Amino acid sequence: MPGTAMTAVSAAEQLKARTGAPTAGTGLQPAPEEGVDVLAVAIAAAPETSSREDTDEALHPTPQPRRGAVETALWYGVDVAARAATAGVTGKAGETLLVEPPSSKTGELPAKLIFVGVGDESVQSLRRAGAALARATKGAHLIRAAVVDGLDPAAQQAFVEGFLLGGYTAPRQGKTPAGPAMAGAMEVTGLDSDALRLAQITARAVWLARDLTNLPPDVATPEWMADRSRAVAERAGLEITVLDEAELLRQGFGGLTAVGSGAANPPRLVQVSYQPSAKTAEHVVLVGKGITFDSGGISLKPREAMMSMKMDMAGAAVVLAAVEAAAELELPHRVTGILALAENAIGASAYRPGDVVTTYNGTTVEIGNTDAEGRMVLADALAYAAAGLAPDVLVDIATLTGAAALGLGQQYGAVFSNTPYLLEALEKAGDTSGDRIWPLPLVHDYDYALASETADVAHVAPPALKFGAGAIVAALFLEKFVDGVPWVHLDIAGPMSARADKHEIAKGATGFGTRLLISFLRDASNLRRPS
């Protein structure tokens, strides 16, 4: 089930200052024998002004050239301003303008020259520019790009990251290719080595999360996910423990085993750990919901709602990818991932509405809707982490509620926390990484919605109560299992998938949360309570 291969990106020498003729001296122009078939240079959006005398210019502002743009235009004999005006290109982030060499220079110049809009050259704009270039160059052999020459490392990282993410195509089964291949290689002039490393590690992590989430549920079963976790742990040097169904029952993981009780593919709990050399470092535990397929169980979903439920394990995929990235980045603090894996199916032994389930920490839960299974597997995993792993920070990520998707749509994840400084840190990481989140409150006045007459707590509000705030109620339920540990809950039900390619997001599973967690983990100050 192959997808496309990721472009090999490398750094090339920074362009030299231009001296003499506008076409000479910078080092951008490749010799024919180098095999470069695409040149890419940047054009920026014209600065905003309220006093344009030329009406046409006001309506169609001329994009501004960046390094290499003037000389390449002269090589190709193109009036970029005129061509851009005809095409409606203004330098907006993600716009592209394609130019081919004149017939007299065929074979002498690369077959394509692409002017890439970088907008205001912000991190977000550069990320979008990279994604647009990736899609415009599929099938190319070698790109030479001067798009971020001279920019700061954060902008350079965003461009390369956007390129690698924008070129992703989901794997597929069968004889039909997954899609046009990404360019084989790209040289980026003036590229900072650390920016390149961070972009590649982050992109590989997102690709892993997307690949796992896009796979069909007959492949990505709990056992298969556990085996894949073993492969990741081996290549990244992670410690790994896998608990099978018998061990889960023996240790009292009542929520996880109840959810998986009706399935032919039994549940698993995977623990993967990255341990830095400093033994006294802070410890972050990431918990991911891993429902490999969600039928809703006895509370059966409608057909339309079921079609995307192979992606209900997106949280677990993100956690596995983030822990591997932590090891690649050699972070100074411990990071442990818990993948709570189960298939929510209908069967003679499936758990039922009205059942009372005893979870890992002894809390009894009255089941009100078997389609609210995610909070049950997370309850066990969070309680296990809080009781046995001594986390300094506990983060869970899950495709948990339709309410979060209804409230925030497909571009924002919801975030809750019992610790204000962690909420601020996650918001900052979202702004930096591109995985945007929005804080929602833990309204403890709503606790009464989870009251039960037959157990310690109900796991959903009863229908007769006609209670809304579904995402908040779910977060309040999870909070009961963290034992006061500083905790963050990420509900990614909305942005877990995309209906079409847009910027660095590819159609299908988005890997949302991977970049967010990597950005959060990289800043060790996030893990310490402010003085």
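Predicted model, so just to flag it, every value in this text is computed and none were measured. Throughout, residue positions are numbered sequentially from 1 according to the sequence presented.
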Run the side chain to side chain contact (heavy atoms under 4.5 Å, CB included) check on Val270 and Thr241 step by step: do they pass?
CA-CA 6 Å; Val270 175; Thr241 303; over 6 Å; no
Before giving the answer on side chain to side chain contact (heavy atoms under 4.5 Å, CB included), spell out for Thr213 and Phe512 the whole-Å C-alpha distance, their side-chain angles and the decisive distance to 0.1 Å.
CA-CA 11 Å; Thr213 309; Phe512 184 95; over 6 Å; no
Val393/Leu422 under side chain to side chain contact (heavy atoms under 4.5 Å, CB included): CA gap, chis, key distance, verdict:
CA-CA 9 Å; Val393 173; Leu422 287 178; 4.0 Å; yes
Determine, step by step, whether Glu343 and Met313 satisfy the side chain to side chain contact (heavy atoms under 4.5 Å, CB included) criterion, reporting the C-alpha distance in whole Å, the side-chain angles of both residues, the deciding distance to 0.1 Å, and the verdict.
CA-CA 9 Å; Glu343 186 176 295; Met313 39 65 70; over 6 Å; no
Using the rule given for side chain to side chain donor-acceptor pair (under 3.5 Å), can you reason through His444 versus Glu479, listing the C-alpha separation, both sets of side-chain angles and the distance that settles it, and then say yes or no?
CA-CA 10 Å; His444 288 100; Glu479 189 183 18; 2.7 Å; yes
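A distance-only check finds no donor-acceptor pair linking the side chain of Thr7 to the backbone of Val9 [under 3.5 Å]. Side chain of Ser417 to backbone of Pro420: no donor-acceptor contact under 3.5 angstrom is found. Using modelled atom types, one side-chain atom of Arg515 and one backbone atom of Ser433 make a donor-acceptor pair closer than 3.5 Å. Counting only distance, with no hydrogens or angles, the side chain of Asn418 and the backbone of Trp487 share a donor-acceptor pair below 3.5 Å. Without hydrogens or angle criteria, Asp380 side chain to Gly255 main chain gives a donor-acceptor distance under 3.5 Å. With hydrogens and angles ignored, the 3.5 Å screen pairs no side-chain donor or acceptor of His459 with any backbone N or O of Thr370. A distance-only check finds a donor-acceptor pair linking the side chain of Asn214 to the backbone of Ala509 [under 3.5 Å]. Between the side chain of Thr202 and the backbone N or O of Ala199 there is no donor-acceptor pair closer than 3.5 Å. Remark: side-chain polar atoms of Thr364 are not paired, donor with acceptor, to backbone N or O of Thr358 under 3.5 angstrom. In this structure, Gln410 contributes its side chain and Ser497 its backbone to a donor-acceptor pair below 3.5 Å.
Between Thr363 and Asp456, the side chains place no donor N or O within less than 3.5 Å of an acceptor N or O (distance only, hydrogens not considered). Judged purely by distance below 3.5 Å, without hydrogens or angles, the side chains of Glu366 and Ser452 pair a donor atom with an acceptor atom. Defined by atom type and a distance below 3.5 Å, a donor-acceptor pair is missing between the side-chain atoms of Gln124 and His503. A side-chain donor from one of Asn369 and Ser299 sits under 3.5 Å from a side-chain acceptor of the other.
Interatomic distance, Asp491 CG to Phe416 CZ, rounded to the nearest 0.5 Å: 6.5 Å. The CG atom of Leu442 sits 12.0 Å away from the CG atom of Asp445 when rounded to the nearest 0.5 Å. Between the CD atom in Glu328 and the CG atom in Leu198 there is a gap of 11.0 Å [rounded to 0.5 Å]. Atom CE of residue Met309 and atom OG1 of residue Thr292 lie 12.0 Å apart, to the nearest 0.5 angstrom. Expressed to the nearest 0.5 Å, how far OG1 of Thr399 lies from CD1 of Ile492 amounts to 6.0 Å. Annotation: the span from Leu126 atom CG to Glu161 atom CD amounts to 11.5 Å, rounded to 0.5 Å.
Counting only heavy atoms from C-beta outward, the side chains of Arg375 and Val460 approach each other to under 4.5 Å. For the pair Thr359 and Tyr384, the minimum side-chain heavy-atom distance is 4.5 Å or more. Proximity of Leu516 to Ile437: side-chain heavy atoms (C-beta onward) are separated by under 4.5 Å at one or more points. Residues Asp244 and Pro266 fail the side-chain proximity criterion, which asks for heavy atoms closer than 4.5 Å. Side-chain contact between Ser229 and Leu339 is present, with at least one heavy-atom pair separated by less than 4.5 Å. Annotation: side chain of Met376 is in contact with side chain of Phe477 (closest heavy-atom distance under 4.5 Å). With a 4.5 Å cut-off on side-chain heavy atoms, Tyr448 and Leu465 count as touching. Within the 4.5 Å cutoff, no side-chain heavy atoms of Trp207 are placed close to those of Leu212.
Under a cutoff of 6.0 Å and an axis angle of 45°, Arg210 and Tyr168 form a cation-pi pair.
Scanning for side chain to side chain donor-acceptor pair (under 3.5 Å) contacts around His283 gives Thr336, with sequence neighbours left out. Evaluation of the side chain to side chain donor-acceptor pair (under 3.5 Å) rule for Thr432 yields no partner, not counting sequence neighbours. For Lys502, there are no side chain to side chain donor-acceptor pair (under 3.5 Å) partners at least two apart in sequence or on another chain.
When all heavy atoms are compared, the tightest approach of Pro439 to Leu423 is CB-CD2, 4.0 Å. Closest of all the heavy-atom pairs between Leu378 and Gly288 is CD2-C, 4.2 Å. Contact between Ala220 and Trp224 at its shortest, heavy atoms only, is CA-CE3, 3.7 Å. Smallest separation of non-hydrogen atoms from Ala195 and Pro153: CB-O, 3.4 Å. When every heavy atom of Ser295 is checked against every heavy atom of Ala345, the shortest pair comes out as OG-CA, 3.5 Å. In plain terms, the two heavy atoms of Ile472 and Val443 that are nearest each other are CG2-N, 3.9 Å.
Between Asp431 and Lys428 no salt bridge is recorded (no basic side-chain N to carboxylate O distance below 4.0 Å). A salt bridge is absent between Arg197 and Asp194: the closest approach of a Lys/Arg side-chain nitrogen to an acidic carboxylate oxygen does not fall below 4.0 angstrom. Taking a cutoff of 4.0 Å between a charged side-chain nitrogen and a carboxylate oxygen, Arg204 and Glu324 do not qualify as a salt bridge. Here Asp501 pairs with Arg135 in a salt bridge; the nearest charged N to carboxylate O distance falls below 4.0 Å. Between Lys301 and Asp371 there is a salt bridge, since at least one side-chain N of the basic residue sits less than 4.0 Å from a carboxylate O of the acidic one. Using a cutoff of 4.0 Å between basic side-chain nitrogens and carboxylate oxygens, Arg228 and Glu223 are not scored as salt-bridged.
By the 6.0 Å contact criterion, NZ on Lys138 is enclosed, its count of non-hydrogen atoms from other residues, nucleotides or ligands being greater than 12. Residue Arg352 places its CZ atom among 12 or fewer non-hydrogen atoms of other residues, nucleotides or ligands, all under 6.0 Å distant.
Between Tyr446 and Phe467, the ring centre distance stays below 6.0 Å.
In summary, of the residues considered (Ile338, Ile240, Leu286), a side-chain contact (heavy atoms from CB on, under 4.5 Å) with Val272 occurs for Ile240 alone.
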